[in-house]
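Just so we're on the same page: letters track the sequence lines, and every chain starts at 1. Every heavy atom of this structure was used, including side-chain atoms; hydrogens, water molecules and symmetry mates were not.
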Amino acid sequence: MPARGAGKSSYQRIYEVVRRIPRGRVASYGEVARRAGLPGAARQVGYALHALPEGSAVPWQRVVNARGEIPPRASGFEGPQRRLLEREGVRFDARGRIDLARYGWGAPRARAKRPRG
DNA sequence: GCAATGACGCTCT
DNA sequence: CAGAGCGCCATTG
């Protein structure tokens with residue numbers, strides 16, 4: 001429940017940010033937390049997503065850890081998540097990692113046509 | 001209000 | 001890049 005009463009709950013803020021993640025790209029928990037106005041609360045991001053139902057319109061699959069991997073703690077959804085990301089065109093490394101420099105939210109690829117070089 | 005939990009991040013080695 | 005340890009903040013009981 002909202003302990004801040006600033007309007008929506010922190011979770012709601014997190015969901016809003018996650019939904020803003022472009023398709024075919026991924027964002028780290030810290031990235032989402034920061035964008036949600038909770039710098040340092042990366043844990044809550046994962047915790048919030050953990051409370052997400054299946055029918056949720058929040059693309060939680062686009063949220064990964066700062067290393068571009070699916071949290072090893074995620075025993076149970078590391079499967080579906082990877083599958084969903086692959087469906088969006090996200091490529092995984094041989095070790096199950098994602099190149100944040102390529103698919104990361106805010107990656108150079110996201111820039112509108114090469115800024116210059 | 002206090003103590004415990006948690007889909008993590010950063011620093012040092 | 002990989003491994004181990006501490007800190008961070010919000011939710012839950």
Side-chain angles (χ1 to χ4, degrees):
Chain A
M1 298 303 267
R4 287 295 190 273
K8 299 178 186 174
S9 62
S10 300
Y11 278 30
Q12 189 62 41
R13 292 294 296 272
I14 294 170
Y15 300 143
E16 288 291 314
V17 175
V18 175
R19 290 174 67 164
R20 288 179 60 174
I21 302 176
R23 181 170 163 289
R25 273 205 288 276
V26 297
S28 64
Y29 294 88
E31 188 70 10
V32 175
R34 182 170 291 184
R35 294 216 178 209
L38 303 171
R43 305 200 62 156
Q44 276 56 257
V45 176
Y47 198 83
L49 299 177
H50 173 72
L52 279 173
E54 293 184 22
S56 188
V58 181
W60 56 272
Q61 74 242 41
R62 296 177 192 154
V63 185
V64 296
N65 60 15
R67 300 184 78 173
E69 312 179 336
I70 299 175
R73 312 271 189 193
S75 301
F77 28 96
E78 64 181 20
Q81 172 152 4
R82 175 167 176 166
R83 197 182 75 78
L84 286 166
L85 288 174
E86 287 188 332
R87 277 179 60 80
E88 297 193 354
V90 178
R91 298 289 302 167
F92 279 78
D93 198 300
R95 288 170 52 278
R97 286 193 320 188
I98 304 171
D99 187 353
L100 297 179
R102 202 149 91 96
Y103 301 102
W105 194 13
R109 292 290 180 185
R111 293 291 179 180
K113 302 166 216 189
R114 45 83 183 104
R116 208 270 298 152

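Residues that satisfy the side-chain contact (heavy atoms from CB on, under 4.5 Å) test with A:L84, not counting sequence neighbours, are A:W60, A:Q61. For A:R43, the salt bridge (charged side-chain N to carboxylate O under 4.0 Å, His left out) criterion is met by no residue, not counting sequence neighbours. Qualifying salt bridge (charged side-chain N to carboxylate O under 4.0 Å, His left out) partners for A:E78, counting only residues two or more places apart in sequence or in other chains: none. Contacts of A:R62 classified as side-chain hydrogen bond (donor to acceptor under 3.5 Å, both in side chains), with partners at least two apart in sequence or in another chain: A:E88.
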What protein N or O atoms touch nucleotides 7-11 of chain B N or O atoms at under 3.5 angstrom, if any, and at what distances?
unit_1	atom_1	unit_2	atom_2	d
B:dA7	N7	A:G46	O	3.3
B:dA7	N7	A:H50	N	2.8
B:dA7	N6	A:L49	O	3.4
B:dC8	N4	A:R43	NH1	2.8
B:dG9	OP1	A:A66	N	2.9
B:dG9	OP2	A:A66	N	3.2

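Here the side chains of A:V26 and A:V63 are not in contact, with every heavy-atom distance at 4.5 Å or above.
Summarising the geometry of A:I14 relative to A:A48, their closest heavy-atom pair is CD1-CB, 3.8 Å, with the distance given to 0.1 Å.
Phosphate contact (OP1/OP2 of C:dC9, side-chain N/O of A:S10, threshold under 4.0 Å): absent.
Rounded to a whole Å, the CG atom of A:L38 is 10 Å from the P atom of C:dC9.
Within residues 89-97 of chain A, the residues approaching DNA chain C are A:R95, A:R97, by heavy-atom distance under 4.0 Å.
Follow the hydrophobic side-chain contacts under 4.5 Å out from A:F77 and you reach A:I21 in the same cluster.
Remark: A:R82 is positioned above the aromatic ring of A:F92, its terminal NZ or CZ atom under 6.0 angstrom from the ring centre and at most 45 degrees off the axis.
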